[in-house]
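Have a look at the structure below, then the notes.
Sequential numbering from 1 along the given sequence is applied to the chain's residues.
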Amino acid sequence: MHSLFKPRLSFCSLNHFYRSSTFISGDATSGTTVGRSSTFIHPTAIVHPNAVIGEDGYIGPFCTVGAFAKLGNGCQLHPGSHIFGSTELGDRCVLMTGAIVGEDIPGRTVIGCNNKIGHHAVVGIRCQDMKYKPGDECFVDIGNNNDIREHSSVHRSSKSSDVTAIGDNNLIMGSCHIAHDCKIGNNNIFANNTLLAGHVVVEDYVHTGGTTAVHQFCHVGSFSFVAAGSMVSQDVPKYMMVGGERPELRGLNLEGLRRNGFTVEEIIGLRSAYRKIFMSADANSEGLEERLNEVEQHEKLARISSVRSMIQSIRASFEQNRRGICKFRLWSSS
C-alpha cells in the first residue's frame, strides 16, 4: 500500500463486514435484506455482488454500489447517490441525494466514520491536473466526522506518490473545491465557495470567509482567519488574520484564539510579538529576519510556545519552494 496512504477504516469495523450484497434486478418489487446483513436495499438500487455491505444501513432508490466498494455499518445512501471504484466508507456515513464517491480509475478513496457527503457533491474523482497520466494510481484519504456540503468537490491526487488528505471534524460548506494533493488538517471551517488549488496545505482550526480562493502550493497556518473574497497567493502564518482582494495581514485572529482556549498570557505575548515583527518603528531600517531574531531573543516572549510557533511558521514560509507570507502594512493593528 502506498506509504502516504493511511486509511483509517481499521478503526471502523471493516474487518467485521459481511459479504452480503447482491445485484437487485429490475423485477424486484420490495425492499431487500440480504444474507446476514440487516441493511435495507431498495429494489431499484444496483449493488454489485462483490461489494461489501455492513449492517443496519440503508441503500435507497436508484443508487449504485460498485464491485470494489466497502460500506461500514449504519451507512445511508439517499436516492440517486453512487459509489464507484475502490472506495471504502467507515461506519455511519451518509450520502445525500446525487452524491458521487469514487471513480473507476486506479487508486482508491478511503473515508472514515460519521461523514456526511452533501447533495450532488463529488468526492474521490479524477483530478484536473494536466500532469495526471491515465493509469496512474491516485488517492483520497478522509478522516472522521466531516460535513462536506452540497455541490462540493474533492479530487484525488495527481500521482501515485501523493494523496489528497482531509483530517477530522471539518465543515466544508456548499460549492467548495479541494483540488488534487491538498492536505487539510482538523477542525477547519470553509465557508461557501472556498476554492483550494492543487497542493495547498491548510493546518488546523482555520476559518475562511465565503468566496475565498487559495493559490496552488500556499500554506494556511493554524488558527488563522481568511476574510471573505480574498484571493490568497502567499502563505498565511499561524494565528493571523488576512483580508482584501490581494490579502494583507490585518493583525492576529484574536477572536479565534479566545474561542479556542488560548490564555491571556499567550494572547498578550502574541500581540507583543506581532507588533515587534510587523509594526516596529525600525521596520524600514531593519529586515524581517532581524525583527524575527529580536523576538526569539526576547527574555519573556521567547518562553511562550505559541510565539515560538508563530516565528517558526513565518520562517517556514520563506523556505525553498514556498511562496513567502502575505504582505503587511505598518499601520496594521492587532
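With respect to the salt-bridge test (charged N to carboxylate O, under 4.0 angstrom), the residues Glu248 and Arg246 do not qualify. For the pair Arg291 and Glu294, the salt-bridge criterion is not met [side-chain N within less than 4.0 Å of a carboxylate O]. Salt bridge Asp162/Lys183: present, at least one basic N to carboxylate O contact under 4.0 Å.
Grouping Ile, Leu, Val, Met, Phe, Trp and Tyr by side-chain contacts under 4.5 Å, direct or through others, puts Val94 with Met96. Side-chain heavy-atom separations under 4.5 angstrom define the hydrophobic clusters, and the remaining members of the one that includes Val122 are Phe84, Ile100, Ile125. Other members of the hydrophobic cluster containing Tyr132, listed by chain and number, are Ile105; membership follows side-chain contacts under 4.5 Å among ILVMFWY residues, whether direct or relayed. Cluster partners of Leu171, by chain and number: Met173, Ile189. The rule joins Ile, Leu, Val, Met, Phe, Trp and Tyr whenever side-chain heavy atoms lie under 4.5 Å apart.
In this structure, Leu257 and Glu266 have side chains that are not in contact, with every pair of non-hydrogen atoms separated by 4.5 Å or more. Between Ile53 and Ile59, the closest side-chain pair of non-hydrogen atoms falls below 4.5 Å. Between Met310 and Val295, the closest side-chain pair of non-hydrogen atoms is not below 4.5 Å. Side-chain atoms of Ile267 and Leu254, non-hydrogen and from C-beta on, do get closer than 4.5 Å to each other.
The line from NZ of Lys116 to CD of Gln76 is 8.5 Å long, rounded to the nearest 0.5 Å. Here the straight-line distance linking atom CZ of Arg258 with atom CG of Asn253 works out to 9.5 Å at 0.5 Å rounding. Atoms CZ and NE2, from Phe225 and His207 in turn, are 5.5 Å apart once rounded to the nearest 0.5 Å. Between the CD atom in Glu88 and the CZ atom in Phe68 there is a gap of 12.5 Å [rounded to 0.5 Å]. Here the NE2-OG1 distance, from His120 to Thr97, works out to 6.5 Å after rounding to the nearest 0.5 Å. Atom CG in Asp136 sits 12.0 Å away from atom CZ in Arg156 (nearest 0.5 Å).
No option in Arg323, Lys327, Arg322 other than Arg322 meets the salt bridge (charged side-chain N to carboxylate O under 4.0 Å, His left out) test with Asp235. When the options Leu77, Leu89, Thr87 are evaluated for a side chain to side chain contact (heavy atoms under 4.5 Å, CB included) with Val65, the one that passes is Leu77. A side chain to side chain donor-acceptor pair (under 3.5 Å) with Asn188 is found for exactly one of Asn170, Asn146, Asn169, Thr208, namely Asn170. Of the options Ile184, Ile166, Ile178, a side chain to side chain contact (heavy atoms under 4.5 Å, CB included) to Ile142 is made by Ile166 and by none of the others.
Taking Gln128 as the reference, His155, His177 meet the side-chain contact (heavy atoms from CB on, under 4.5 Å) condition, with sequence neighbours excluded. Under the ring pair (Phe, Tyr, Trp, His ring centres under 6.0 Å) criterion, His119 pairs with no residue at all, not counting sequence neighbours.
Dense packing is recorded around CZ of Arg92, with more than 12 heavy atoms of other residues, nucleotides or ligands lying under 6.0 Å away.
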field: Audit row: His82, Thr64, side chain to side chain donor-acceptor pair (under 3.5 Å) steps and yes/no
entry: CA-CA 5 Å; His82 308 281; Thr64 305; 3.0 Å; yes
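Taking the six-membered ring wherever Trp is involved, the centroid distance between the rings of Tyr274 and Tyr239 does not fall below 6.0 Å.
Looking only at distances, no side-chain donor or acceptor of Ser272 sits under 3.5 Å from a matching main-chain atom of Gly269. Under a 3.5 Å cut-off, the side chain of Thr39 and the backbone N or O of Gly54 do form a donor-acceptor pair. A donor-acceptor pair is defined here as one N or O able to donate and one able to accept, closer than 3.5 Å; such a pair exists between the side chain of Asp168 and the backbone of Asn144. Distance alone, capped at 3.5 Å, is enough to place a donor-acceptor pair between the Asp91 side chain and the Asn73 backbone. Between the side chain of Thr164 and the main chain of Asp181, a donor-acceptor pair closer than 3.5 Å is present.
Nearest heavy-atom pair, Gln234 versus Cys326, reported as atom, atom and distance to 0.1 Å: O-SG, 3.6 Å.
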